[in-house]
Structures are given as structure tokens and as C-alpha cells.
Number of protein chains: 2
Amino acid sequence: MKRFFSKKEGMSTLAKIWEDHLRARGYRLTKARRAVLETMASETGHRTPEEIHRQARWRYRKLGLVTVYRTLALLERLNLVQRVHQGKMRCHSFAAVRLEKGHHHQLICRTCGHVEEFPDCALDRTLRKLQARTGFAIESHHLEVVGQCPKCQ
Amino acid sequence: MKRFFSKKEGMSTLAKIWEDHLRARGYRLTKARRAVLETMASETGHRTPEEIHRQARWRYRKLGLVTVYRTLALLERLNLVQRVHQGKMRCHSFAAVRLEKGHHHQLICRTCGHVEEFPDCALDRTLRKLQARTGFAIESHHLEVVGQCPKCQ
DNA sequence: TTTGTTATTGAAAATAGATTTCATTTAGCG
DNA sequence: CGCTAAATGAAATCTATTTTCAATAACAAA
Ligand SMILES: [Mn+2]
Ligand SMILES: [Mn+2]
Ligand SMILES: [Zn+2]
Ligand SMILES: [Zn+2]
């Protein structure tokens, strides 16, 4: 197999963690999956399935787009990647989840797509009041913050 | 033209406001548009374009699905309806914007789709800190809260 | 009212995105 | 090495959305 990335540069720590995660749950580690894992782990930006496919094919030429969809679905189920909605646009991009465990949200650069995560939304108080006022049983919330990263300003 | 809704029950205040809004900007008030406006204004729930089409056809039989898409795009541009993403699912539903002017968010019932709006997310402090920490120039944020409404619990 | 202009419409075709099917391949295990 | 079930890729299919275009109708002006 022709290799386009050396082992060292191609394989981030995050990708290794994800591989262990998959192995532990009995999923097979195929070349196709590795290519997608490493691609997703290698950047903080959010990308569409097509973009991910284009990038991942540098790691594994034969990779099919279908498998990208299937792998993203798997990674999403395992909470290793997240869908990015970004307001109106770009409804179906994906980004790596970098904060291990627990509740967090995304800060997205509208220019370059760079995604930064943060754990502290401090909405508890607001949501408790909202729950009291409306009678809703609040179960979850989703917050996305959009702006421009330092580089893009 | 056969009428399925009496003028009184068919035409909410909100729909009237929206009509004025369109007229003021030089858009023509066609039967097709009225049907979509009134349908969107008549319920707080979020619905897909297909669902909206099915409902709006009770008001105007000949209405085409294309026009529903076009009218929703228009209403979205004018900030009279909003897209609802609801976490993973239902990426392309729409709901009426009921809070005139200004910043607000949605509280969505995951069972019946009922949408309640609220103006006070109290995120300013959080976002200011986030901006200071990350160097991002924060421009906007999008918050969606999901739960069960009093009826559905 | 009638008329003219032009935005808007609906049907059909085209596009795009995502999923299903299925024969073939391969990871992981003895 | 084989075995076997899981996983893959190509093609077919499905679904949602957009584009095209001739026909219609809103609305302003006469
Ligand atoms: Mn979405
Ligand atoms: Mn939060
Ligand atoms: Zn950026
Ligand atoms: Zn409900």
C-alpha cells in the first residue's frame, strides 16, 4: 500500500484514542476507517462529508464516499464527532469532539471553519428559571457560538 | 375560489403583521403567499416544508410545493420564520418567529414540536469571558433548548 | 373598470445529497 | 494460513431541494 502520510505525522494522539475506543467496542479497524478517523482528528475545522472524503483519500486512495458517511454516523453515535449547524448555513458538516466526556459547546470561526470547544456555558440558572416559567421539562440544550478566530480577523 | 377557512378564523394578527411587512417591501400578496403566511402564523410548532405544504393547501388548493420553499426562503430572509435544527434530527423544519425584534431563542417540545420563544439567555457574561480567553471576535450565537411541554409530559 | 407590466406561480426536469443493495474484500481470530 | 462475519465500494435508488420556463395574476396607471 502506498502511504501518503508518514506514520508519525499521520497519526495524532486523538486518532489513537478513537481507535482504542472502536476496538474496545468490537469494531474492526479497517484502512478506510483509519483514514476517516485520522482525517477528522487532524483538524479542528468542520467539514462536509464530501470534503472529508477528499481529504481522507490522501490517506487511503480507494476510500469510497459511502464509507465516509457510514464512518461519520458511527463516530457520531460514539460521540467522537459532532454535527455543526452554524446558524442558517452549512447544516451538515462534522467536527471532531475534543473535550473528553461531559457537556460542552462549540465556538466556530465563520471564515475558516476552525472549531474551538468550551465546557462552561453557565446556562443552568437561565434554564431553571425558564423551566419554572414555562412548565417545560427541559432535557437538553444546544449552543453554537459563531465569530472570527484570531487568525482570520 | 372555494374557501376552506372563514376570513375571521383563518387570519391571525401575526399573519396580518407579516402581510404588512411584505407589502411595505414591495412584495406582492398572492393567494399562494397568503396561504403559507397564515399557515406558519397559525401554529407555534415547527414543521417541514412538506408538512407546511399539506397544511397550507387547505387554504389554497392549487399551492405548489416549490412556492412553499420559495416563500419560506423569503420569510426567513425577513426574519419572520426561523429554521429549527433540534440537535441531531429534523434539520430542516421551520417555525414562526413570534418575538418582535431583537435577540431570542427557542424552547422546543421534542414530542409535539411546540415552540416557545424566550428573550433572556443571559449569555453575555459567558461570551465575554470566552472571547477574552480565545481571542475570537464573537459575532452571534444560536441556542436551542429541547424538552417536553406541559401537555406532553 | 380596463390594460400593461412584471413579479410570481406551478409543472416538470435537473441537481444534489444521502441511503440501500449486493457481490466482493478483509480484519481479526483460532 | 484458512474461516467467518463485518465492512467495503460501485451502482442503483431514494429524497429533498433547486432550476427552468411558459402561463398566470398582482397591482399600478390610465
Ligand atoms: Mn441543521
Ligand atoms: Mn450548555
Ligand atoms: Zn478562522
Ligand atoms: Zn409537547
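A, B, ... follow the sequence lines: proteins, then strands. Residue 1 opens every chain.
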Engineer: Could you state the atom-to-atom distance from CD of E19(B) to C1' of dA26(D) in whole Å?
Structural biologist: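 Computing the E19(B):CD to dA26(D):C1' distance gives 13 Å.
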Engineer: Separation of E76(A) atom CD from dA18(C) atom P, in whole Å?
Structural biologist: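 Roughly 12 Å, once rounded to whole Å.
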Engineer: Can you check the L75(B) CG to dT8(C) P distance for me, whole Å?
Structural biologist: 13 Å
Engineer: Provide, to the nearest angstrom, the distance between the CG atom belonging to L74(B) and the C1' atom belonging to dT17(D).
Structural biologist: 17 Å
Engineer: For the pair made of CG in L22(B) and C1' in dC27(D), what is the distance, rounded to whole Å?
Structural biologist: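 Going from L22(B) (CG) to dC27(D) (C1'), I get 15 Å.
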Engineer: Once you build an axis from the first five pairs and another from the last five of the helix from dT1(C)-dA30(D) to dG30(C)-dC1(D), how far apart in angle are they, to 10 degrees?
Structural biologist: 40°
Engineer: Can you check the R57(B) CZ to dG10(C) P distance for me, whole Å?
Structural biologist: 10 Å
Engineer: How does protein reach along nucleotides 1-11 of chain D, written 5' to 3' as B (base within reach of a heavy atom under 4.0 Å), S (only sugar-phosphate), or - (no contact)?
Structural biologist: ----BBSBBB-
Engineer: Distance check, rounded to the nearest 0.5 Å: I52(B) atom CD1 versus E43(B) atom CD?
Structural biologist: 10.0 Å
Engineer: Would a distance-only check, ignoring hydrogens and angles, find a side-chain to backbone donor-acceptor pair under 3.5 Å from R98(B) to A41(B)?
Structural biologist: yes
Engineer: Rounded to the nearest 0.5 Å, what's the gap from CE on M40(B) to OG1 on T71(B)? Could you check?
Structural biologist: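 The distance works out to 10.5 Å.
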Engineer: OP1, OP2 of dA16(D) versus side-chain N and O of H92(B): anything below 4.0 Å?
Structural biologist: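 No, no such contact exists.
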Engineer: How close or far is atom C1' of dT24(D) from atom CG of L29(B), stated in whole angstroms?
Structural biologist: 17 Å
Engineer: Only counting residues at least two apart or in another chain, list the ones meeting side chain to side chain contact (heavy atoms under 4.5 Å, CB included) with V97(A).
Structural biologist: Q82(A), H104(A), E117(A)
Engineer: How far does NE2 of H103(B) sit from CG of L123(B), to the nearest 0.5 angstrom?
Structural biologist: 6.5 Å
Engineer: Considering only heavy atoms from C-beta outward, does the side chain of R59(B) approach that of K31(B) to under 4.5 Å?
Structural biologist: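 SC-SC contact between R59(B) and K31(B) ruled out.
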Engineer: Answer whether the closest heavy-atom distance between the side chains of W18(A) and R33(A) falls below 4.5 Å.
Structural biologist: no
Engineer: Got a second to check how far T39(A)'s OG1 is from E51(A)'s CD, nearest 0.5 Å?
Structural biologist: 12.0 Å
Engineer: Would you mind reading off the distance between H53(A) atom NE2 and dG17(C) atom C1', rounded to a whole angstrom?
Structural biologist: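 Going from H53(A) (NE2) to dG17(C) (C1'), I get 14 Å.
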Engineer: In terms of the angle between their ring planes, are F118(A) and H105(A) parallel, tilted or perpendicular, with boundaries placed at 30° and 60°?
Structural biologist: tilted
Engineer: Between Y69(B) and dT17(D), is there a contact of a side-chain N or O with OP1 or OP2 at under 4.0 Å?
Structural biologist: yes
